Amino acid sequence: QLQLVESGGGLVQPGGSLRLSCAPSGPALDAYAIGWFRQAPGKGREAVSCMSSRLGGTFYADSVKGRFTIARDKANNTVYLQMNSLKPEDTAVYYCAAGSTPVAHFYCSGDEGSPSMEYWGKGTLVTVSS
């Protein structure tokens with residue numbers, strides 16, 4: 001029922017920046033933990049950053065701390081991922097995802113939990129050249 005549409009991917013050189021956007025559509029958005037996952041070629045899905053407005057916290061993967069920033073526009077509910085100091089290993093398809101379970105909220109607020117998400121966007125490709 002919740003729809004998520006990502007945009008902003010592209011090709012950048014190492015050290016460059018990109019800003020991804022996730023435009024959600026649906027009611028009761030505060031009921032969801034929401035954020036970003038990525039999947040590199042031949043590798044599994046990885047949680048990058050997410051947030052829980054209900055619990056008032058955020059999660060960042062250790063690999064992106066200090067480089068990536070997640071934010072939400074309260075006016076239109078768009079969720080952004082500002083990516084700075086990009087590295088070749090950041091190359092992946094980036095997905096916006098949302099989950100409504102307590103464990104998702106706990107995880108995306110920085111506490112123990114599980115990044116289980118039931119709604120997914122189609123993804124946007126980020127390529128960082130070497």
Side-chain angles (χ1 to χ4, degrees):
Q1 191 170 9
L2 180 67
Q3 294 183 334
L4 305 169
V5 180
E6 308 97 331
S7 63
L11 174 64
V12 297
Q13 294 187 345
S17 298
L18 282 175
R19 186 179 178 88
L20 305 183
S21 299
C22 174
S25 61
L29 291 177
D30 285 345
Y32 298 93
I34 189 168
W36 297 90
F37 290 69
R38 67 185 181 186
Q39 187 167 18
K43 297 184 178 180
R45 188 174 59 198
E46 174 190 19
V48 178
S49 181
C50 58
M51 62 193 307
S52 170
S53 295
R54 175 172 289 180
L55 298 182
T58 58
F59 162 84
Y60 291 97
D62 289 341
S63 60
V64 306
K65 281 184 177 178
R67 300 190 297 121
F68 292 10
T69 303
I70 191 169
R72 182 174 178 176
D73 188 324
K74 296 180 180 179
N76 57 18
N77 291 315
T78 299
V79 179
Y80 301 98
L81 184 68
Q82 178 66 46
M83 305 186 295
N84 298 326
S85 302
L86 283 162
K87 304 175 181 179
E89 52 262 44
D90 294 318
T91 297
V93 177
Y94 284 71
Y95 298 91
C96 184
S100 62
T101 64
V103 293
H105 280 282
F106 290 141
Y107 186 87
C108 293
S109 69
D111 295 323
E112 291 188 12
S114 179
S116 57
M117 305 296 198
E118 60 257 45
Y119 298 101
W120 294 84
K122 295 182 179 180
T124 184
L125 177 63
V126 173
T127 302
V128 185
S129 67
S130 60

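Computed from a predicted structure; not experimentally measured.
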Q | Side-chain donor/acceptor of H105 to backbone N/O of A31, under 3.5 Å | A | yes
Please tabulate, for the side chains in residues 81-88, all donor-acceptor contacts under 3.5 angstrom to protein atoms that are two or more places apart in sequence or on a different chain.
residue, atom, partner, partner atom, Å
Q82, OE1, R19, NH1, 3.3
Q82, NE2, N84, OD1, 3.0
N84, OD1, S17, OG, 2.9

Q) With a 4.5 Å limit on heavy-atom distance, are the side chains of L4 and I34 in contact? A) yes
Q: For T78 and S21, work out which heavy atoms get closest and say how close.
A: CG2-CB, 4.1 Å
Q) If two hydrophobic side chains count as joined below 4.5 Å and joins carry through other members, does W36 share a cluster with Y107? A) no
(Q) Could you check whether atom CD of E118 has more than 12 heavy atoms from other residues, nucleotides or ligands sitting under 6.0 Å from it? (A) yes
Q | Test item: T127 side-chain N/O and T91 main-chain N/O as donor-acceptor pair under 3.5 Å | A | no
Q: Verify, without hydrogens or angle tests, whether E6 (side chain) and L20 (backbone) share a donor-acceptor contact under 3.5 angstrom.
A: no
Q. Heavy-atom distance under 4.5 Å between the side chains of V79 and R72, does that happen here?
A. yes
Q) Is the shortest heavy-atom distance from the side chain of Y60 to the side chain of T69 under 4.5 Å? A) yes
Q) Between the side chain of S49 and the main-chain N/O of F59, is any donor-acceptor distance below 3.5 Å? A) yes
Q. So do the side chains of S63 and E46 get within less than 4.5 Å of each other, counting heavy atoms only?
A. yes
**Q.** Close side-chain approach of V64 and R38, heavy atoms under 4.5 Å
**A.** yes
Q. Looking only at heavy atoms, which two atoms of A98 and L2 are closest? And how far apart?
A. CB-CD2, 3.6 Å
Q) Under the 4.5 Å side-chain heavy-atom rule for ILVMFWY, direct or indirect, which residues accompany M117? A) F37, V93, Y95, W120, L125
(Q) Side-chain heavy atoms under 4.5 Å apart, restricted to Ile/Leu/Val/Met/Phe/Trp/Tyr: what other residues fall into the cluster of Y80, or is it alone? (A) none
Q: Would you please classify the geometry between the Y94 ring and the F68 ring as parallel, tilted or perpendicular, with 30° and 60° separating the classes?
A: tilted
